[in-house]
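One structure is given here, and the rest of the page talks about it.
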Amino acid sequence: MKLNLTKSFILFPKSPFHFDGTFHKPSHFPNNLKLEDWEPGIYWQSLRIGKRLFGLKIKNGGTTAKPKLLASVFYKGSLSHNELEGIKKEISWRFELDQDFRAFNALAKNDKRFYPVFKKWMGMRNLSQYTLYELLIIAVVLQNATVRRSQQMLDALISKYGIKIEFDKKVFYAIWLPEDLSKTKEQELRDLRIGYRAKFIKRLSGDFANKKIDEFQLRTLDKENAKKELIKLYGIGPESARILLFEALHHYDVFDHIAPWQHKIYSMLFYNKKLVPTNTIQKDILRQYGDYSMLTVHYIWEDIFWRRKHEKIDWLEKEIRL
DNA sequence: CATCAGGGCCCTG
DNA sequence: CAGGGCCCTGAT
């Protein structure tokens, strides 16, 4: 599908805003059939809004202190004024453009140990590129699998059910709509070598298609209630819920679950030791960072993965199982 | 060649 | 609330 038409507009995120830290997360695994792409100062992605599919390109037109985004939406057919306004709002929500970071930055300033990290990434947002359903699919392929296998599963799903789009002379893929999968036979999904996750994905797709769950309603709930709703979903447990609460629903204080592979990395990052008990890590992080526990960890986590691009960090390589 | 854990979760007892 | 089973892969 070629998206030939385009409308451009300017967005002003609340200062400070860190463009590259926001639009590129080196800790996320890259899949071959790209949903998004980044180079310094430019970001692209396929953008699902309701049932429509768009291309989104955002260029950096400002600085961290005086942020300005040059955005373009690519589309086919028509795009009404109202629809465009809706897209702008959705972009603001997903990329947290209006987020007030004053309290967080005050906390960061008093942190002797990690202040250099916070300073370096000041204004970095949590990145939530996808709809709740799309992120749910990604969370499911992450379960009980190493990075390479997660990549394989997502690529297999996208190559069979995804939608290929072209805009700005680049090719991207988008995740299908829930209703596209709700009637699929479980075996057809299993043939993609996603194992027992086939059952999860089928049932989740059905629940979304039948409106048993509504992303916009979940956005209005507080953390605990949102979590309760997410855990009710078939195939979504504590770890997947944590990912969704942070990435899709923008709750900054969800440091209630530590997965085994994260455990090793946190132990080294925060204590320079091999394995510190998880409840010690949790207590320490919650005591120091409270309402910003997950956001804080996100800054420190992404920072080490940025560093990994240029320097070899031996202990980290061992923990990132490819 | 076999065995096993891995970016978890469900189900059973 | 503990523990077994689950799909598949790459590591050992």
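In this text the structure is predicted, and so the values were computed from the model without any measurement.
Between the C1' atom of C:dA11 and the CD atom of A:Glu319 lies a distance of 15 Å, rounded to the nearest Å. At whole-Å resolution of the value, CD in A:Glu186 and C1' in C:dC7 are 11 Å apart. Atom CG in A:Asp256 sits roughly 14 Å away from atom C1' in B:dG8 (whole-Å rounding). Separating the CD atom of A:Gln151 from the C1' atom of C:dC8 is a distance of 15 Å, rounded to the nearest angstrom. Straight-line distance from the NE2 atom of A:His263 to the P atom of B:dG6: 13 Å, rounded to whole Å. Straight-line distance from the CZ atom of A:Arg190 to the P atom of C:dC6: 10 Å, rounded to whole Å. Whole-Å rounding puts the A:Leu136 CG to B:dG8 C1' distance at 14 Å. In this structure, the CD atom of A:Gln143 is 17 Å from the P atom of C:dT9, given to the nearest Å.
Distance check on atom P: C:dC7 versus B:dC1 gives 25 Å, rounded to whole Å. Nucleotides B:dG7 and C:dA2 have their P atoms positioned 23 Å apart, rounded to a whole Å. Distance check on atom C1': B:dA5 versus B:dC9 gives 16 Å, rounded to whole Å.
With salt bridges taken as basic N to acidic carboxylate O contacts below 4.0 Å, one links A:Lys51 and A:Glu179. Between A:Lys227 and A:Asp256, at least one side-chain N (NZ, or NE/NH1/NH2) sits under 4.0 Å from a carboxylate O, which counts as a salt bridge.
A:Ile236 comes within 4.0 angstrom of the backbone, heavy atoms only, and of no base. A:Thr146 comes within 4.0 angstrom of the backbone, heavy atoms only, and of no base. Among the protein residues, A:Val141 comes within range of no part of the nucleic acid, since none of its heavy atoms lies under 4.0 Å from any strand. As judged by a 4.0 angstrom heavy-atom cut-off over every strand, A:Leu233 is placed among residues touching the sugar-phosphate backbone only. A:Arg193 comes within 4.0 angstrom of sugar-phosphate atoms only, judged by non-hydrogen atoms across all strands, and of no base.
Side-chain polar atoms of A:Gln217 and A:Thr220 form no donor-acceptor pair below 3.5 angstrom. There is a side-chain donor-acceptor pair under 3.5 Å between A:Tyr133 and A:Trp176.
The two residues A:Ser72 and A:Thr6 have their closest heavy-atom pair at CB-OG1, 3.8 Å. Considering every non-hydrogen atom in both A:Leu3 and A:Phe167, the closest pair reads O-CB, 3.9 Å.
Comparing A:Lys232 and A:Ile320 by the nucleotide of DNA chain B whose heavy atom lies nearest to each, the residue mapping closer to the 5' end is A:Ile320. With DNA chain C read from its 5' end, the first of the two nearest nucleotides for A:Asn144 and A:Gln152 is the one closest to A:Asn144. In this structure, A:Lys199 and A:Lys264 both approach DNA chain B, and ranking their closest nucleotides by distance from the 5' end singles out A:Lys264.
Judged by distance alone, with hydrogens and angles left aside, A:Arg197 brings no side-chain donor or acceptor close enough to the base of B:dC9 to form a pair under 3.5 Å.
Comparing B:dC10, C:dC7, B:dC9 by their closest approach to the side chain of A:Tyr234 singles out B:dC10. With distances taken from any side-chain atom of A:Tyr196 to the nucleotides B:dC9, C:dC8, C:dC6, the minimum falls on C:dC6. When distances run from any side-chain atom of A:Phe29 to the nucleotides B:dC9, B:dG7, C:dC8, the shortest one goes to B:dG7.
B:dG7 shows a glycosidic angle within 90° of 0 and is accordingly assigned syn.
With a cut-off of 3.5 Å on both pairing distances, the Watson-Crick or G-U wobble partner of C:dG4 is B:dC10.
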